[in-house]
Student: 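Can you keep this structure in mind? I'll have questions shortly.
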There are 2 protein chains.
Amino acid sequence: MTANNTAYAELMAFQRETEALAQVAGRLGWDQETMMPRGAAEQRAEEMSAMEGVLHARRTDPRLAEWLAQAEAPDAVAEANLRHIRRSYARQVKVPGALAQELARVTSRAQGIWADARAKDDVAAFLPVLAEVIRLRREEAACLAGGGDLYDALIDDYEPGATAASLGAMFDAMRPRLVALRAAVLGAAHQPARLEGHFGQEAQMRMARDLAAAFGYDWARGRLDLAVHPFSSGSGDDARITTRVVESDPFNCFYSTIHEVGHACYELGIDPDYRLTPLGSGVSMGVHESQSRIYENQLGRGRAFTGWMFGQMQGRFDAFGIADADAFYGAVNRVQSGFIRTEADEVHYNLHVMMRFDLERALIRGDLAVADLEAAWNDRFRADFGVEVPRASLGMLQDVHWSCGLFGYFPTYSLGNVYAGCLNLALRRAVPDLDDHLARGDARPATDWLRENLQRHGGLYEPREVVRRACGFEPSEAPLLDYLEGKFTALYRL
Amino acid sequence: MTANNTAYAELMAFQRETEALAQVAGRLGWDQETMMPRGAAEQRAEEMSAMEGVLHARRTDPRLAEWLAQAEAPDAVAEANLRHIRRSYARQVKVPGALAQELARVTSRAQGIWADARAKDDVAAFLPVLAEVIRLRREEAACLAGGGDLYDALIDDYEPGATAASLGAMFDAMRPRLVALRAAVLGAAHQPARLEGHFGQEAQMRMARDLAAAFGYDWARGRLDLAVHPFSSGSGDDARITTRVVESDPFNCFYSTIHEVGHACYELGIDPDYRLTPLGSGVSMGVHESQSRIYENQLGRGRAFTGWMFGQMQGRFDAFGIADADAFYGAVNRVQSGFIRTEADEVHYNLHVMMRFDLERALIRGDLAVADLEAAWNDRFRADFGVEVPRASLGMLQDVHWSCGLFGYFPTYSLGNVYAGCLNLALRRAVPDLDDHLARGDARPATDWLRENLQRHGGLYEPREVVRRACGFEPSEAPLLDYLEGKFTALYRL
């Protein structure tokens with residue numbers, strides 16, 4: 001072995017332990033949201049902080065610089081590994097340790113203040129710490145940007161290769177068609193029925209398990225639990241999902257489950273050779289969201305799969321006021337104006353994201369003062385959705401992201417939808433009889449195609465590149481918009 | 001602050017993070033036995049190994065030596081902290097890193113081989129790796145003993161202050177009285193009834209929760225789950241317990257639960273000021289076992305508490321063939337010869353431990369060859385219990401301990417019983433109306449007394465010292481033997 005290959009081998013052995021420790025930290029987070037006794041919160045904060053300290057020390061270990069200087073990549077996989085480690089190390093060393101610690105401290109505090117403020121609809125209580133978070137994130141972005149755009153530097157954490165300009169262009173192309181579609185749908189004479197009834201927790205959870213199985217979720221390498229805010233967690237051979245149960249609305253549980261199954265199948269579908277390496281987890285937030293959204297929407301909310309779901313629900317629940325499978329498909333896909341992004345239908349969802357994108361970009365640029373954020377939010381909401389925000393918990397306090405310092409994250413949700421639109425087009429071409437399978441409650445052929453064409457690559461290619469390769473065409477917003485117009489024009493008989 | 005106090009403060013800050021990381025590693029172990037998907041085992045081994053690597057590096061960090069050389073203890077708590085850290089550091093640096101790694105590797109392998117061998121009753125498959133484990137533990141003991149007794153050096157890991165001589169003397173004093181009691185009981189004309197029936201899992205788990213609550217287990221800082229081999233896990237504000245369910249024998253679930261509640265109450269009862277310090281967990285295996293055993297036996301298997309249990313069971317389960325509370329007390333305490341230590345009654349239990357103590361001491365001394373172990377086990381079992389061991393899974397393959405390298409651990413079980421006997425005597429004197437509470441299903445006055453007099457001290461005092469302080473007399477085997485003779489003489493109408 002040459003010295004340069006030795007450096008690569010040593011680097012990868014070190015990195016492998018770091019990745020294993022990151023999995024441990026992630027599982028600790030899972031435990032906190034699903035299993036932890038409530039009285040353990042304070043001690044848990046110390047445990048998490050100790051784990052973060054260990055990870056930070058490893059990610060800024062000076063030996064990384066030496067290894068990176070000497071290591072030679074014998075092949076494309078090694079090249080990709082080095083690219084990821086270089087990017088991570090460069091990011092870590094650009095930000096002074098004191099600033100990183102301060103950010104960790106302030107965002108941890110800010111989340112608690114945000115939760116209280118949301119519970120009391122008390123914007124004023126949240127603004128001082130939000131201002132502090134933004135000040136620190138801007139400072140951090142300045143370290144990272146090297147004179148470039150601050151917001152771009154933040155986006156880079158979640159979606160390497162994307163910029164405010166590229167995302168802005170995407171939103172500009174989406175906006176007019178979505179606005180027109182929304183207007184048409186809301187004004188349509190035909191409106192689908194609503195689901196009505198009581199749906200017991202145990203029956204919902206049994207159905208959720210069957211839905212996960214329908215998409216090929218590997219129970220030998222995962223599990224399903226309850227959480228207040230559903231999430232997925234873990235990579236490699238341990239990718240767990242969570243859901244929640246609202247007894248008046250089973251779709252909440254079912255589509256949260258399918259969404260998280262999409263995330264988990266991505267992780268579980270990655271080439272086992274990449275386990276505990278930089279290639280062993282999803283490549284970006286946008287690509288991750290493309291998997292959760294195609295499972296949830298293009299597959300899970302399609303006519304074929306909902307037809308099967310309707311039959312399943314009849315055997316499991318008391319009457320719920322839906323006459324047939326077509327009416328059920330309508331109920332699943334009802335479009336209605338609402339205040340909350342996470343509850344938005346496919347037509348409204350990206351309009352919610354656009355609003356956050358514009359507002360947070362203005363905050364980071366310094367064009368919008370924190371003191372003016374609530375007014376800006378409410379004005380924009382009135383303009384886009386035609387209604388007055390009645391209280392801040394339905395407005396600017398609804399999402400946790402900003403309290404965590406997650407600026408530049410929201411647009412990856414829409415990018416995920418756009419990628420899902422592209423992948424759905426390619427998938428339907430490649431598996432022309434997919435709906436026959438979906439109609440029998442079997443979404444595994446979709447998982448198979450996605451795993452083979454996208455999921456298995458993990459971090460091997462850059463985000464946009466892996467989607468382009470899977471699709472065989474340059475990704476754009478057009479397939480998503482075509483799909484939405486086609487679907488909702490038919491459903492609302494426009 | 002003086003330089004010496006600065007050293008102490010720095011040492012304790014470092015130690016606190018180490019303790020927090022140890023809690024994380026412990027929780028990962030809990031997850032592995034309760035929650036982990038089965039396909040994640042291989043990856044989990046890497047995660048555990050990475051955590052162990054982090055902990056080992058911290059426990060052998062050269063800064064510890066500097067801090068320990070400079071630190072001054074301003075008070076008794078600091079003195080105890082320094083004593084624990086010094087002992088741990090001295091132990092860690094005496095054992096070469098390569099040997100420690102080899103031991104970790106071999107014992108991890110040995111546990112898998114043991115499990116397979118036990119399943120197939122294949123002693124020959126286990127002996128080579130057992131010989132290797134013993135060779136490495138003897139080598140380690142030689143590093144630790146500094147010319148002294150090897151077995152004593154191993155005991156010191158689990159029970160500081162105890163020696164083969166002190167434990168041997170204890171067993172010598174116990175043996176004749178236990179042997180005589182066993183003979184009398186097995187030959188008695190009156191034999192208690194057996195429980196018979198089917199006891200559903202859900203009803204057993206509900207009852208297990210109520211039993212834990214009866215002892216004052218703090219659900220805000222713990223939880224109960226199922227595991228193949230029940231255990232408790234965690235310190236400070238997160239001490240979880242597990243149990244198992246056998247639908248023909250609810251006592252398995254109930255007394256496993258109460259046993260683990262004893263361990264967990266000890267952890268949860270420690271002074272909150274000691275959290276994440278060397279004083280923040282149980283001081284030794286023997287003292288820990290004294291808590292689990294007094295909860296399980298002297299309290300949980302007593303006439304008063306079983307009277308309450310009998311009433312509870314009548315409301316929850318179908319007929320189980322027991323006429324009244326006295327007969328139920330007899331059924332709970334039935335004495336019968338059996339092969340398995342963990343299923344042994346109070347009369348037989350310590351006889352099982354004595355056998356292991358003698359055999360493992362001979363193995364470590366080199367007086368007994370691994371090749372002769374099975375014959376030695378079976379001969380001794382025939383002599384002590386009067387029956388032939390029919391297969392190795394009921395004999396020398398029944399316990400996991402030796403495959404893990406746990407030599408010197410077994411005697412702490414009996415020491416725990418002896419301490420439980422002493423504590424029960426002192427507790428009954430201090431709380432004369434305890435049985436009135438127990439008869440109403442309220443064991444909290446016992447937990448209160450134990451917390452105040454023993455549990456809260458955590459690692460402040462040496463093991464024997466904390467028991468002596470709680471009892472107000474020098475601990476000995478006499479109270480346990482008096483208790484056993486009194487209880488079983490009455491129960492068997494001798």
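Numbers restart at 1 for each chain; the letters A, B, ... are given by sequence-line order, proteins then strands. What you see is a predicted model; the values in this text were computed from it and never measured.
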Student: Looking at A:G234, A:G236, A:A220, which has the largest count of heavy-atom pairs under 4.5 Å with chain B?
Tutor: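 Counting heavy-atom pairs under 4.5 Å, the top option is A:A220.
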
Student: Salt bridge (Lys or Arg N to Asp or Glu O under 4.0 Å) with A:R456: which residues, sequence neighbours excluded?
Tutor: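 Salt bridge (Lys or Arg N to Asp or Glu O under 4.0 Å) check on A:R456 returns A:E452.
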
Student: What residue in A:R240, A:Q23, A:E19 has the most heavy-atom pairs under 4.5 Å with chain B?
Tutor: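 Option with the top pair count is A:R240.
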
Student: For A:D271, give me all partners under side chain to side chain donor-acceptor pair (under 3.5 Å), at least two apart in sequence or on another chain.
Tutor: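 Not a single residue meets the side chain to side chain donor-acceptor pair (under 3.5 Å) criterion with A:D271.
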
Student: How many angstroms lie between atom CE of A:M35 and atom CZ of B:R223, to the nearest 0.5 angstrom?
Tutor: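 The CZ atom of B:R223 is 5.0 Å from CE of A:M35, to the nearest 0.5 Å.
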
Student: Just checking A:R86: does its CZ atom have more than 12 heavy atoms from other residues, nucleotides or ligands closer to it than 6.0 angstrom?
Tutor: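 Yes, CZ of A:R86 has more than 12 neighbouring heavy atoms, counting only those of other groups under 6.0 Å.
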
Student: Can you establish whether the number of heavy atoms outside B:R16 located under 6.0 Å from its atom CZ is more than 12?
Tutor: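 Yes.
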
Student: What part of A:R27 gets within 4.5 angstrom of chain B, counting heavy atoms only: side chain, backbone, both, or neither?
Tutor: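 It is the side chain, since no backbone atom gets that close.
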
Student: Considering heavy atoms only, which positions within residues 37-59 of chain B lie below 4.5 Å of chain A?
Tutor: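 Within residues 37-59 of chain B, near chain A: B:P37, B:R38, B:G39, B:A40, B:E42, B:Q43, B:R44, B:E46, B:E47, B:A50, B:M51, B:V54.
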
Student: Distance check, rounded to the nearest 0.5 Å: B:D31 atom CG versus A:D238 atom CG?
Tutor: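 Result: 7.0 Å between the selected atoms.
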
Student: Can you list everything that forms a salt bridge (Lys or Arg N to Asp or Glu O under 4.0 Å) with B:R109? Sequence neighbours excluded, please.
Tutor: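 Not a single residue meets the salt bridge (Lys or Arg N to Asp or Glu O under 4.0 Å) criterion with B:R109.
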
Student: Stepwise, does the side-chain contact (heavy atoms from CB on, under 4.5 Å) test hold for A:R221 with B:M36?
Tutor: CA-CA 8 Å; A:R221 299 191 292 148; B:M36 185 183 83; over 6 Å; no

